[in-house]
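Reviewing the structure listed below.
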Amino acid sequence: MLDTATPPPPPAASPRREAGRPPPALGARLRGDPRPAPTRPDLFTRASDPVPEPDAARLLALVERRAGREPVGRILGHREFWTIDLALNPDTLEPRPDTETLVEAVLKALPDRNAPLRLLDLGTGTGCILLALLAELPNATGLGVDLSPGAVAAATANAARNGLAERARFQTGNWGAGLGERFAVVVSNPPYIPSADIAALDPEVREHDPLRALDGGADGLDAYRIIAAQLPDLLPPGGLAGLEVGQGQAADVTGLLAAAGLEPAGVFRDLGGVERCVLGRRRS
């Protein structure tokens, strides 16, 4: 999830002029070509090589989609995250590097990565957080919960795509309600954009990510209040909770966890210096 909007690109005479000449590597990705992208010398030595008309038309159509502010991941239908590759669909938030901060923080907080841990991912979307953790924790198993059946289908397919289907299960649900099980680790990247800020988000986010995965209510904290209240029933004593947060929300979310009986276990910054992840442990 992104926190702030950036200005749109300056107007151009046409999409072709603005985005008709993507960097070679991007062009190769857009056309789905498995061959290596042309090098800079190739652009000179092969400049006169003919381009087959079907290839040119297909690439132009994809470039025009990108010029219309559709994210490359949506155009390609998949996105790399951590060490895995994830298929996207309209019911899933597109995973972003900021969320890798949560994966890294949780891994650092675990004393034994070979332990047979049980993990829970609330609002799983593509399954990115749970699957990234399972890829690093060879004896762990996990459950991902999402309100959207489409997201559950995507996450289930992504587990198979990354060889993790035997250790990951996904189901529809309302956060952690009614699970009747305790987990060593509970993680979530819930919606945290204040409702009034949605309209100012970049078109890549506002027009292509599902609204339910973005809108966190009036102050952006609605989902955290629900999750924090459920954590005492989901975590055993000493269990770890890790939540991605929006810019400026770390203190409020830490307070919600403390009110639910969790001890602060750290606030972690993303590569941009933003406080992006809050950890808490249930008191023993």
Side-chain angles (χ1 to χ4, degrees), residues 1 77-79 81-96 99-100 102-103 106-107 110 115-192 209-217 222-236 239-244 257 260 262 280 282:
M1 230 175 289
H78 66 98
R79 173 74 181 255
F81 178 83
W82 197 252
T83 61
I84 57 179
D85 188 77
L86 301 161
L88 308 176
N89 73 24
D91 293 300
T92 61
L93 186 78
E94 182 173 354
R96 294 179 173 87
T99 303
E100 294 182 350
L102 174 56
V103 175
V106 168
L107 290 172
L110 297 176
L117 302 172
R118 185 77 172 132
L119 315 180
L120 173 64
D121 182 9
L122 297 175
T124 193
T126 60
C128 62
I129 301 171
L130 177 60
L131 296 176
L133 289 171
L134 291 177
E136 303 289 342
L137 304 170
N139 297 311
T141 60
L143 172 65
V145 177
D146 202 287
L147 191 63
S148 164
V152 169
T156 300
N158 281 328
R161 180 187 184 99
N162 290 280
L164 296 166
E166 293 185 359
R167 296 194 287 126
R169 184 170 64 86
F170 298 92
Q171 67 183 50
T172 56
N174 186 10
W175 302 113
L179 293 182
E181 183 181 354
R182 295 187 186 270
F183 301 82
V185 179
V186 177
V187 292
S188 183
N189 175 19
Y192 54 65
D209 282 327
L211 180 62
R212 61 170 181 76
L214 299 172
D215 193 339
D222 283 1
Y224 297 102
R225 294 186 179 95
I226 296 170
I227 293 170
Q230 293 174 345
L231 285 174
D233 293 327
L234 296 171
L235 292 169
L240 179 70
L243 305 176
E244 180 172 330
L257 295 183
L262 276 68
R282 186 181 172 197

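- With sequence neighbours excluded, the residues forming a side chain to side chain contact (heavy atoms under 4.5 Å, CB included) with Gln230 are Trp175, Ala177, Ile226, Leu234, listed by chain and number.
- Within the structure, every pair that satisfies the salt bridge (charged side-chain N to carboxylate O under 4.0 Å, His left out) test and touches residues 124-152, not counting sequence neighbours, is listed here: Asp146-Arg212.
- Checked against salt bridge (Lys or Arg N to Asp or Glu O under 4.0 Å), Asp91 has no partners two or more places apart in sequence or in another chain.
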Throw together a table of side-chain donor-acceptor distances under 3.5 angstrom for residues 126-134, partners on residues two or more places apart or in other chains.
{"unit_1": "Thr126", "atom_1": "OG1", "unit_2": "Cys128", "atom_2": "N", "d": "3.3"}

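- Residues satisfying the salt bridge (Lys or Arg N to Asp or Glu O under 4.0 Å) criterion with Arg161, sequence neighbours excluded, are Asp85.
- How far CG of Asp209 is from CG of Leu214: 5.0 Å, rounded to the nearest 0.5 Å.
- Remark: Ala228 engages Leu256, Leu257, Ala260 in a side chain to side chain contact (heavy atoms under 4.5 Å, CB included) (not counting sequence neighbours).
- Within the structure, the salt bridge (charged side-chain N to carboxylate O under 4.0 Å, His left out) test picks out the following pairs touching residues 222-235 (sequence neighbours left out): Asp219-Arg225, Asp222-Arg225.
- Annotation: side chain to side chain donor-acceptor pair (under 3.5 Å) contacts of Asp121 (sequence neighbours excluded): Thr124.
- Here the CZ-CD distance, from Phe81 to Glu94, works out to 11.5 Å after rounding to the nearest 0.5 Å.
- The side-chain hydrogen bond (donor to acceptor under 3.5 Å, both in side chains) contacts involving residues 177-188 comprise Arg118-Glu181, where partners must be two or more places apart or lie in separate chains.
- Leu243 and Tyr224 make their closest contact through CD1-CD2, 3.9 Å (heavy atoms, listed as atom of the first residue, atom of the second, distance).
- In this structure, CD1 in Ile84 is found 13.5 Å from NE2 in His78, a value given to the nearest 0.5 Å.
- When the salt bridge (Lys or Arg N to Asp or Glu O under 4.0 Å) test is applied to Arg169, no partner is found at least two apart in sequence or on another chain.
- We find the CZ-CG distance between Arg282 and Leu235 to be 7.5 Å, quoted to the nearest 0.5 Å.
- Annotation: salt bridge (Lys or Arg N to Asp or Glu O under 4.0 Å) contacts of Glu166 (sequence neighbours excluded): none.
- Summarising the geometry, atom CD belonging to Gln171 is positioned 6.0 Å from atom CG belonging to Leu179; distances are rounded to the nearest 0.5 Å.
- Nearest approach of Leu86 to Pro95, heavy atoms of both residues: CD1-CG, 3.8 Å.
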